[in-house]
Amino acid sequence: MGEAIVITSGKGGVGKTTTTANLGTALALLEKKVCLIDTDIGLRNLDVVMGLENRIIYDIVDVVKKRCKLNQALIKDKRFECLYLLPAAQTSDKSEVTPEGMEEIISELKQDYDYILIDCPAGIEQGYKNAVAGADKAIVVTTPEKSSVRDADRIIGLLEQEDVDPPHLIVNRIRNHMVKNGDMLDVDEIVQILSVELLGIVADDDEVIKASNHGEPVAFQPNTRASIAYRNIARRILGESVPLLSLEDEKGMFSRVKKFFGMKS
Amino acid sequence: MKFIFWGEPIVIGNKQLITIKGTRDGLTLYIDDSCSFDEVLQELEQVLSTKYTDKNDPLITVTVQLGNRYLHKNQEEELKEIIRKKNKLVVQSIESNVITKEQALKWKEESDIKVINKIVRSGQVFEVKGDLLLIGDVNPGGKIMASGNIFVLGSLRGVAHAGFYGNRESVIVASYMQPSQLRIADMISRSPDYESDGVYMECGLIDEEKSKIVIDRLQVLSQKRPDLNGFERRILNG
Ligand SMILES: Nc1ncnc2c1ncn2[C@@H]1O[C@H](COP(=O)(O)OP(=O)(O)OP(=O)(O)O)[C@@H](O)[C@H]1O
Ligand SMILES: [Mg+2]
């Protein structure tokens, strides 16, 4: 039985899709069987970031509406045998997907996959509700900006009412020089306010944007700052305790990174 | 000024239903609690007319002690009406040893301290009757409200509203105080527009002289709000 993890943020544009694509890639590199689901109906992106846009035939709405079988809609990744994508619909009406429909799809996928990563749309409306419906765990992505942290807090409050484990946090787009000058919230402050467990931090890295544009997630590259960060996060998801690298953060936040799975310390 | 003392009880018939005592602060009417309400009214008319005073006397305040009698609102009004007719008398309060269950529950609710263990996050509002002891934080964008005092064992970074039914004596205490707004009764104060650090172990309360909410070390509370101490406060507030 696999596990479904929703990747959410409240605020738009903080890196949910990028995180989903890269964690999927990093988990596949670790030989896990992974399925990504794009739930951002009408604004699908995940297929583009994964470079799979040209392969789409059916989408999630077709599956919910039983116009095709789940297997027919899944797209196999270019690079990995064990990585699949269920794309969002681009044209259909958002209300065609329901929480019940999602739960059904996810419980079916859990039979075959180790991890199901759900890319959540921005906001707290229907799309969000669909995305969290079938999830067992949640990852909240925030950037080191007040408004983004505020929305992450809001989402964490909403997730507390759902049937998911306490969420874990990824702080994305950290710029060390700005943090040092006090122009950016530091990770400590963010974790203190949100009081959730930190799963990892990802530097702001041009390579991320370049890679996304080429339809090849950065996690695939051997040693950029961001790719190392994503691969470390993937290992933490598997339950390893991987210290935060100095590349990720200079402060040595080791003690705060707990295992995502298993023991609570 | 002339003092009048009603030492002797007034006896009508063979049983006395109303006893009047005078003190420097006014009159107290003790009303027998086993007779019927009609009898009380009747006797009150007579007693007050027999004991009427001089036109030049100052206004006298009257406290009515009902003992173990419960009066409805309209009965209280009738009683007041009779006393008010004697034009030097004003009813200050009507006191009784008994209250309805409903009032008792409300009283209990409003004097209780509710202990809540959670983080009040952005967009969440948490409201209680009585005092609130929050073990946890109020994050920016979160809000807590209490009809009594608020004590936060944690960081207060959002909005706190104490005494929301209008109790200006209410206080807000936090281990770490960096609120975006403090509200007490109908007063509001907000954080400054420049970036500022929070303060540890402080309290917010209304300074009646300055007529605004001030933040101070929590040690000042023992002087400024001595009533915060324990149980007596709750009885008194009832
Ligand atoms: N660590 C990073 N370094 C640099 N750029 C990044 C990083 N993470 C994300 N970005 C860029 O930020 C932009 C928004 O990212 P992304 O699309 O993943 O956000 P999102 O949260 O999914 O947005 P939406 O709410 O619209 O779905 C993209 O252009 C992406 O390339
Ligand atoms: Mg997205």
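Note that the structure is a prediction, hence the values are computed from the model and not measured. Any value given below was found using the heavy atoms of this structure, including those in side chains, with hydrogens, waters and symmetry copies removed. A, B, ... follow the sequence lines: proteins, then strands. Residue 1 opens every chain.
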Other residues, nucleotides, ligands: >12 heavy atoms within 6.0 Å of [X] [atom1]:
X: B/Phe37; atom1: CZ; value: yes
X: A/Glu104; atom1: CD; value: no
X: B/Asn74; atom1: CG; value: yes

Under 4.5 Å from a heavy atom of chain A, the part of B/Gln178 involved: neither
Any chance you could measure [X], atom [atom1], to [Y], atom [atom2], to the nearest 0.5 Å?
X: A/Arg154; Y: B/Asn139; atom1: CZ; atom2: CG; result: 12.5 Å
X: B/Arg121; Y: A/Ile156; atom1: CZ; atom2: CD1; result: 4.5 Å
X: A/Asp153; Y: B/Arg157; atom1: CG; atom2: CZ; result: 10.0 Å

Under-4.0 Å salt bridge between B/Glu195 and A/Lys146: yes
B/Lys118/A/Glu160 salt bridge by N-O under 4.0 Å criterion: no
Pick from A/Leu158, A/Val149, A/Leu194, A/Ile155 with the largest number of heavy-atom pairs that fall under 4.5 Å of chain B: A/Leu194
Minimum side-chain heavy-atom gap A/Ile193-B/Pro140 below 4.5 Å: yes
